[in-house]
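Reviewing the structure listed below.
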Amino acid sequence: MEMQNDDCMKYFLKHNKAHLNPKRKQKDGEILQQSKYLSLSQFKMKPMVYPKPLLRPYMGLCCQTCQSDGKGLFMDETTLQLGLTDILQVRTQFGPFWKRTFCHLLWVASLQPVTQYPNVVTQVMSDTRVESAVEGAAQLSLQKTENGPNIPDEGAYKSFLDSSRRRIMGILHKMAGTVSGPVIRFVSYALHKTLRHLVSSVRVHKGQIEVLKRAEATGKPIIYLPLHKSHLDYILLTFVLYDHNIRVPLIAAGDNLRLPIVGRFAQHLGAFFIRRRLDSHQGEKDLIYRAVLHSYLAQSLHASHSVEIFIEGGRSRSGKPSIPKAGLLGVIYDAYTSGDIQDALIVPVAISYDRIPDGSFVTEELGKPKKPETLWSVFKAGWRLLTGSGILKGAVRLDFCQPFSLADYVVSYKSNISKIRISPIFGPLEPLSPLQEAVEFPHNISTPSVTSYASDSEERRLVDSLARHVIHSASNSLAVTCTGLLSYLLLTKFRNGAPLQRIVEEFEQLRNDVVSKKIDLAFRGDSHDAISYAVELLDSSVKMEVNSQTKEQVLLPITSVPNVLDLSYHANTVIQAFLTDSILSLALLSNLSPVDFTVPKFEVVRSRDAIMNSALQLCDILRYEFIVTPPCQDNETSLLRLLEDFKSKGIISDPINENLGLSETDKWAKRISKHLDWIEEEHENDIGQMEFEDMKFVVNLLVWTASKTVFAFFLTGKLLN
């Protein structure tokens, strides 16, 4: 017996009603008896189609310009389709009572982490670089004492050598970090028990973890380069890696964190401490310290240690990624060129906080000096961690960018360096003079280098290019938080506040703009709930009121300077998503006048070169604040590509065809004339480059000002101003 879908529905309705009618018990029994002989295969029903789950975008894919060979490195379709996981939710917390009670202990005991972390102190002591530095320092010291007391030269020289070697042992005792298996296992258990007092969740992409495991299987050292926002950064990164049985890295830390008890404990977790100033206050180069640091890092990489370096130097006080300091990255490059390592895998890391647990940097932004870390401050932070008192808990999101090969990047850079220095509009650029180089790479001049590559300007540019590329990749991989979006709106469009429903609508539009750029959000769910959650986290910087007349809820920011700085910290995390769009929008605006907004049809014709020149000037002004494009690309190409995007949105369009109304003969003559003009100009041009013809665009002002898709660009423009 075959039954159609409608018949199936009638059958089951009839069957359910029979249980409600006691007079039909006999009929009901007959139906049940007949149902025993019915098979599901007899029902002719359409298969159930479930909607595909919403996949989170995989953030931090390799650059397609300079790392095209690594596009599929360690990746496949499976890794892209994996979702997020909260590492605070362990699998052992489900099951019997005893298993739920000791879930974290059972989870940490089940981990099988890497246990081989060789100590490289002996190799550092015998390194030829260190020996050369010791002999050089002894010679300098001997020269200073030639006019001093009458001491035999051989005895003085030997005395200086012995004192230098003792100093090396002292430097290594303070510097070197060793990963202790029992200590890190205990810390992992403690973090599982207490971290929920500090943050609500710690989420990572399972596909990114799988990629890291495949990268580690190659045996190459992995260089983790995270953006630095909080003291919790290095704890979380080590915690996440250990929780997934991935080798824990050695962590470059400032010696300001080498506190009594705490510093020694941190060294057993992989921290190696570096002086803030490599040289003495008198300006003399400390050859021994530089050589020991260089050798320690090179020998650690040679022993296949992973290394974690905060390339920005210190924590960001503004919420924006800082211009990188490439000193330690230069050491890694020098270890590669000298043959200490064959290759290394570079992994930029982005860490997003709904609210940083360290508190705000408002006092430092107002000009007060930074309070130095003390043992008492560490104990207070530990007490807050244990009790959760006074902490606004937010979520944390870590994104590990796709690893790329250092060797491949060097080859790509050297083969494409001439292309990078060519402007598609203005032709080849002249080589930089020493003064221009000092202006373009100011941080390389001011930051002490510990490597020999600094003597070669081309090598310095390569390392600087790599450092900037890492910052650009990491900043574009940051997941946008709800606190960032809300702060962004309140500081731009709603400085005076607005009804909650209006803010919800604009918040929804803004999050859609972010998603359209293939940037992931650090939250999900209804926009109204996200705003309520953000208001709770922003605490004293925003307030909710009820309009006495309309009885509507009104949300408004508190506009005192400390509160505005606090909101700016969160809002600055969103700027990178709309940076190039904002620059081009401001360039368009700078080429308009109030009279243009009164023309019929709100359409004006503007020169492409004028718009591009304005945009490039803005890029030049902002180069110390943002890395607009990666070093392997030029600003002109990115902006031209964005102009095409604006054209597809109807913001700009091509002018009316100038050949309209011409005969075919006239059109042919015009094309030949342009061709002959181009040939003549080419022969007159010394560099043989084609002269680009200035194009005209029609700017559709009505579409531009009314379009929701460019709303965020104006907002970012206000923040840039």
Side-chain angles (χ1 to χ4, degrees), residues 316 318-323 468 471-481 484-495 506-507 509-519 521 564 567-592 596-597 606 608 610-630 633-652 697 699-701 703-721:
S316 172
S318 63
K320 297 179 295 186
S322 304
I323 299 299
R468 286 171 171 263
I471 292 292
H472 185 272
S473 299
S475 60
N476 281 275
S477 301
L478 283 169
V480 176
T481 63
L485 286 182
L486 182 60
S487 301
Y488 191 78
L489 285 173
L490 293 178
L491 284 180
T492 52
K493 191 167 186 178
F494 302 118
R495 274 281 177 125
E506 299 293 354
F507 186 93
Q509 181 60 47
L510 192 58
R511 67 184 288 185
N512 291 337
D513 290 339
V514 171
V515 172
S516 68
K517 290 185 166 294
K518 298 181 181 179
I519 298 176
L521 299 171
V564 170
L567 291 175
S568 297
Y569 181 91
H570 297 282
N572 286 339
T573 61
V574 187
I575 292 181
Q576 191 70 32
F578 303 110
L579 182 59
T580 52
D581 307 77
S582 306
I583 289 174
L584 191 56
S585 293
L586 290 175
L588 283 170
L589 189 61
S590 67
N591 283 274
L592 298 175
D596 293 328
F597 289 87
R606 285 295 178 268
R608 183 195 67 175
I611 296 173
M612 289 296 297
N613 281 327
S614 300
L616 291 174
Q617 288 177 7
L618 283 171
C619 291
D620 187 64
I621 292 171
L622 297 171
R623 63 178 174 170
Y624 299 121
E625 293 291 329
F626 303 97
I627 300 176
V628 180
T629 55
Q633 303 173 19
D634 52 78
N635 293 333
E636 297 96 316
T637 302
S638 300
L639 292 170
L640 286 173
R641 191 181 301 116
L642 194 59
L643 273 176
E644 295 298 320
D645 184 53
F646 274 27
K647 189 184 297 185
S648 65
K649 294 176 180 177
I651 301 171
I652 60 176
F697 287 127
V699 182
N700 303 297
L701 301 178
V703 176
W704 189 34
T705 55
S707 176
K708 289 286 187 180
T709 58
V710 297
F711 162 66
F713 312 155
F714 289 103
L715 299 190
T716 306
K718 291 183 180 180
L719 289 182
L720 295 181
N721 287 334

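Quick note: numbers below take in every heavy atom, side chains included, and nothing from hydrogens, waters or symmetry partners.
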Query raised in the report: Quick one: does S614's side chain have a donor or acceptor within less than 3.5 Å of a partner on A610's backbone?
Result: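 Yes.
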Query raised in the report: Side chain of S487, backbone of G484: donor and acceptor closer than 3.5 Å?
Result: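 Absent.
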Shortest non-hydrogen separation from [X] to [Y] and the atoms involved:
X    : Y    : answer
T573 : G319 : CG2-O, 3.7 Å
A577 : K517 : O-CD, 3.1 Å
Q633 : T629 : O-OG1, 4.0 Å

**Report entry** Pairing of K647 and E644 as salt bridge, 4.0 angstrom limit
**Finding:**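 Between E644 and K647 there is a salt bridge, with a charged N closer than 4.0 Å to a carboxylate O.
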Quick one: pull up [atom1] in [X] and [atom2] in [Y] and give me the separation to the nearest 0.5 Å.
X    : Y    : atom1 : atom2 : result
L642 : T637 : CG    : OG1   : 12.5 Å
S590 : L588 : OG    : CG    : 7.5 Å
R495 : L567 : CZ    : CG    : 8.5 Å
L579 : H472 : CG    : NE2   : 8.0 Å
R511 : L485 : CZ    : CG    : 8.5 Å
I323 : I627 : CD1   : CD1   : 4.5 Å

Report task. Indicate whether any N or O donor in one side chain lies under 3.5 Å from an N or O acceptor in the other, for Q509 and D513. Result ->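 Checked: Q509/D513 side chains pair up, N/O donor to acceptor below 3.5 Å.
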Report task. Test Q576 against every option in V480, L478, N476, V628 by the side-chain contact (heavy atoms from CB on, under 4.5 Å) rule and name the one that passes. Result ->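 That would be N476.
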Requested in this report: Quickly, which of D634, L616, L618 forms a side-chain contact (heavy atoms from CB on, under 4.5 Å) with L639? Name it, please.
Outcome: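 Result: among D634, L616, L618, L616 is the only option passing the side-chain contact (heavy atoms from CB on, under 4.5 Å) with L639.
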**Report entry** Side chains of N635 and T580 in contact at under 4.5 Å (non-hydrogen atoms)
**Finding:**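 No. Closest side-chain heavy atoms not under 4.5 Å.
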Query raised in the report: Would you call R608 and L643 a side-chain contact if the rule is heavy atoms closer than 4.5 Å?
Result: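 With C-beta onward as the side chain, the pair touches.
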Query raised in the report: Excluding sequence neighbours, so at least two apart, what forms side chain to side chain contact (heavy atoms under 4.5 Å, CB included) with S318?
Result: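 Applying side chain to side chain contact (heavy atoms under 4.5 Å, CB included) to S318 gives S316, K320, N572.
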**Report entry** Residues F578, I519; criterion side chain to side chain contact (heavy atoms under 4.5 Å, CB included); working and verdict
**Finding:** CA-CA 11 Å; F578 303 110; I519 298 176; over 6 Å; no
